[in-house]
There are 2 protein chains.
Amino acid sequence: MGHTDEAVTKPLRADARRNRERLVEVAVEAFSTPGRDVSLEAIAKAAGVGIGTLYRHFPTREALVEAAYRSEVARLCDAVPGLLENAPPEVAMRAWMDRFVEYMTAKRGMLDTLRAIIASGGDPFTETKGRLRTAVGDLVGAGAAAGTLRADVDPADVLAAVSGVTLTTADREQAGRLLDLIMDGLRAPGTR
Amino acid sequence: MGHTDEAVTKPLRADARRNRERLVEVAVEAFSTPGRDVSLEAIAKAAGVGIGTLYRHFPTREALVEAAYRSEVARLCDAVPGLLENAPPEVAMRAWMDRFVEYMTAKRGMLDTLRAIIASGGDPFTETKGRLRTAVGDLVGAGAAAGTLRADVDPADVLAAVSGVTLTTADREQAGRLLDLIMDGLRAPGTR
DNA sequence: ACCTCAAACGGAATCGCCTCCGTTTACCCG
DNA sequence: CGGGTAAACGGAGGCGATTCCGTTTGAGGT
């Protein structure tokens with residue numbers, strides 16, 4: 001009755017888990033380059049497994065893309081605690097934004113397939129959106145607690161702003177400048 | 001100045017036109033059976049042409065489906081004058097409804113691909129809808145002029161009603177009874 | 001009637017998707 | 001520490017899509 005997935009997932013054999021991870025890893029890499037459409041066989045080979053193995057783990061191309069997508073989101077969100085440990089919140093926030101740009105860039109290569117997933121009834125977004133919101137919320141919260149970031153910021157707004165930057169900017173440099181701009185707006189009054 | 005397509009279409013060689021027609025014909029037939037997904041090669045063979053010929057005329061599967069769809073609509077609309085010549089308007093209307101049911105049945109087999117066409121930006125409907133409206137309008141007009149059908153009927157409503165019947169009924173017999181019912185509603189007062 | 005040539009034809013060849021099944025291997029148990 | 005077993009592996013094979021190019025043919029000009 002869970003709403004997200006199965007609590008009864010069997011422990012998966014060691015080699016199986018290894019291969020699955022390997023596949024997602026390669027898939028992220030492969031899908032990140034836009035324009036190139038990679039064959040599943042190529043991904044399997046790059047991951048050092050047979051095509052059959054790929055298909056057992058991901059019965060359809062969509063399943064693989066979705067896994068790759070989720071994996072990227074997870075990496076992004078999991079990075080937050082580490083960033084907060086090693087730097088003051090406002091610096092962590094800025095660093096996280098940079099990662100976000102990378103993440104969105106990767107997503108572009110998957111866009112077509114993600115569209116297909118949506119068209120066929122799936123919804124890869126609602127879950128991941130929640131996770132992202134939480135991640136930003138943690139950063140904002142830490143900054144507010146430290147007094148360096150404004151406390152009245154809606155994480156969703158930050159997300160939207162950063163998304164906008166990645167979608168509209170051409171190169172990294174420009175994106176960096178815009179992110180700096182956003183950061184300025186996030187700082188608590190008097191901490192400029 | 002046409003808004004629908006190219007006024008500069010070259011006259012197409014005789015054999016080419018023959019083959020194209022043949023292909024559409026076979027495609028309609030093939031797509032009309034739901035569930036069966038026909039290979040393009042099968043269609044080509046059934047039409048007695050090589051696979052290359054099929055691809056030259058219809059570069060993608062979608063192009064073929066759309067052509068088949070348009071062809072069906074055209075057949076349906078073109079039938080109206082003939083029906084009106086050989087029968088009083090209310091009888092012609094009823095006969096046309098029967099044909100409409102057949103047409104919708106055929107469309108079901110194409111539904112998936114039509115969906116795909118829409119998803120990729122195409123719109124196979126607006127044009128055909130207009131043609132259908134005109135066709136029904138002619139039938140209604142003739143009936144009104146003859147005094148056997150109500151004059152205040154919106155063709156779009158008739159279309160909607162008949163569509164509803166085809167979508168909800170299981171067998172021909174039931175559909176026939178419902179169409180009779182609709183016909184009754186269309187008759188001019190006192191002509192029951 | 002014949003010639004010419006662009007248009008049209010057809011199908012072999014290539015490629016990716018996906019299935020199926022014989023082989024290998026991790027893990028548990030005595 | 002073997003031994004058994006179910007899980008996992010891997011790739012050959014079947015199938016459809018799509019391209020490419022050598023061959024055929026309709027149609028206009030002489």
Side-chain angles (χ1 to χ4, degrees), chain A residues 6 8-27 29-31 33-68 109-110 112-117 119-120, chain B residues 6 8-27 29-31 33-68 109-110 112-117 119-120:
Chain A
E6 352 60 41
V8 280
T9 315
K10 283 176 207 160
L12 213 55
R13 230 168 70 177
D15 54 344
R17 194 168 39 71
R18 239 194 332 274
N19 281 333
R20 163 184 289 264
E21 278 165 16
R22 201 81 225 290
L23 280 167
V24 171
E25 198 178 314
V26 172
E29 160 72 20
F31 291 143
T33 320
R36 284 192 65 231
D37 36 335
V38 240
S39 77
L40 296 188
E41 329 228 353
I43 291 178
K45 193 182 315 181
V49 304
I51 183 68
T53 300
L54 184 153
Y55 268 89
R56 195 159 341 87
H57 287 301
F58 309 100
T60 67
R61 161 177 283 259
E62 288 165 19
L64 181 57
V65 170
E66 190 165 343
M110 308 181 194
D112 283 341
T113 312
L114 282 174
R115 249 193 279 280
I117 294 176
S120 58
Chain B
E6 351 63 41
V8 280
T9 315
K10 282 177 207 159
L12 212 55
R13 231 169 68 179
D15 54 344
R17 193 169 39 71
R18 241 196 329 275
N19 281 333
R20 163 184 289 263
E21 278 165 15
R22 201 78 224 291
L23 280 167
V24 171
E25 198 178 316
V26 172
E29 160 71 20
F31 292 142
T33 320
R36 284 194 66 231
D37 33 334
V38 240
S39 78
L40 297 187
E41 329 225 356
I43 291 178
K45 191 180 319 179
V49 304
I51 183 67
T53 300
L54 185 154
Y55 268 90
R56 197 162 338 90
H57 286 301
F58 309 100
T60 68
R61 161 177 282 260
E62 289 165 18
L64 182 56
V65 170
E66 190 166 341
M110 309 182 192
D112 283 341
T113 312
L114 282 175
R115 249 193 279 280
I117 293 176
S120 58

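By convention in this document, chain letters (A, B, ...) are assigned in the order of the sequence lines, proteins followed by strands, and residues within each chain are numbered from 1. From a predicted model like this one, the values you see are computed outputs, not experimental measurements.
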Q: Working to the nearest 0.5 Å, report the span between OH of Y55(B) and CZ of R61(B).
A: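 Taking OH in Y55(B) and CZ in R61(B), the distance rounds to 8.0 Å.
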
Q: Holding to salt bridge (Lys or Arg N to Asp or Glu O under 4.0 Å), I want the full list of residues that pass it with E21(A), two or more places apart in sequence or in another chain.
A: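 So E21(A) forms a salt bridge (Lys or Arg N to Asp or Glu O under 4.0 Å) with R17(A).
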
Q: Where does the chain A footprint on DNA chain C start and end, counting 5' to 3' with a 4.0 Å heavy-atom cut-off?
A: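 On DNA chain C, the outermost contacted nucleotides are dG16(C) to dC27(C).
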
Q: Test of understanding: with side chain to side chain contact (heavy atoms under 4.5 Å, CB included), list the residues that count as partners of A68(A), not counting sequence neighbours.
A: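 With neighbours one apart ignored, the set is A27(A), V28(A), F31(A), M110(A).
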
Q: Of all heavy-atom pairs between I43(A) and L54(A), which one has the smallest distance, and what is that distance?
A: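 Shortest heavy-atom contact: CG2-CD1, 4.1 Å.
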
Q: Reading nucleotides 25-30 of chain D from the 5' end, what letters show protein touch, with B for base, S for backbone sugar-phosphate only, - for no heavy atom under 4.0 Å?
A: BSS---

Q: Under the side chain to side chain contact (heavy atoms under 4.5 Å, CB included) rule, collect the residues that match up with R20(B), sequence neighbours excluded.
A: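 Listed in chain order: L12(B), H57(B), F58(B).
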
Q: Rounded off to whole Å, could you give me the CG-to-C1' distance for the L23(A) and dA8(D) pair?
A: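 Rounding to the nearest Å, CG of L23(A) and C1' of dA8(D) are 13 Å apart.
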
Q: Just the rounded figure in Å: distance from P of dA17(D) to CG of D37(A).
A: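 It is 18 Å, rounded to the nearest whole Å.
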
Q: Specify the closest pair of heavy atoms between A47(B) and L23(B), including all atoms of both residues, with the distance to one decimal.
A: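 So the minimum-distance heavy-atom pair works out to CB-CD2, 3.7 Å.
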
Q: Take A16(A) and E41(B), find for each the nucleotide of DNA chain D with the closest heavy atom, and name the residue whose nucleotide sits nearer the 5' end.
A: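 Mapping each residue to its closest nucleotide by heavy atoms, the 5'-most match is A16(A).
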
Q: In whole angstroms, how far is the P atom of dA7(D) from the CZ atom of R17(A)?
A: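 Atom-to-atom, R17(A) to dA7(D), this comes out as 18 Å.
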
Q: Taking DNA chain C as the partner, which of residues 49-59 of chain B come within under 4.0 angstrom of it by heavy atom?
A: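 Within this stretch, V49(B), G50(B), I51(B), G52(B), T53(B), R56(B), H57(B) sit under 4.0 Å of the strand.
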
Q: Minimum heavy-atom separation for A46(B) to V26(B), with atom names?
A: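 Of all heavy-atom pairs spanning A46(B) and V26(B), the closest is CB-CG1, 3.7 Å.
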
Q: To the nearest Å, give me how far apart NZ (K45(A)) and P (dG10(D)) are.
A: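 The distance from NZ of K45(A) to P of dG10(D) comes to 14 Å, rounded to the nearest Å.
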
Q: With sequence neighbours left out, what residues match E41(A) under side chain to side chain contact (heavy atoms under 4.5 Å, CB included)?
A: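 Residues passing side chain to side chain contact (heavy atoms under 4.5 Å, CB included) with E41(A): S39(A), I51(A).
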
Q: R13(A): what forms a salt bridge (Lys or Arg N to Asp or Glu O under 4.0 Å) with it, not counting sequence neighbours?
A: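 R13(A): salt bridge (Lys or Arg N to Asp or Glu O under 4.0 Å) contacts with D15(A).
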
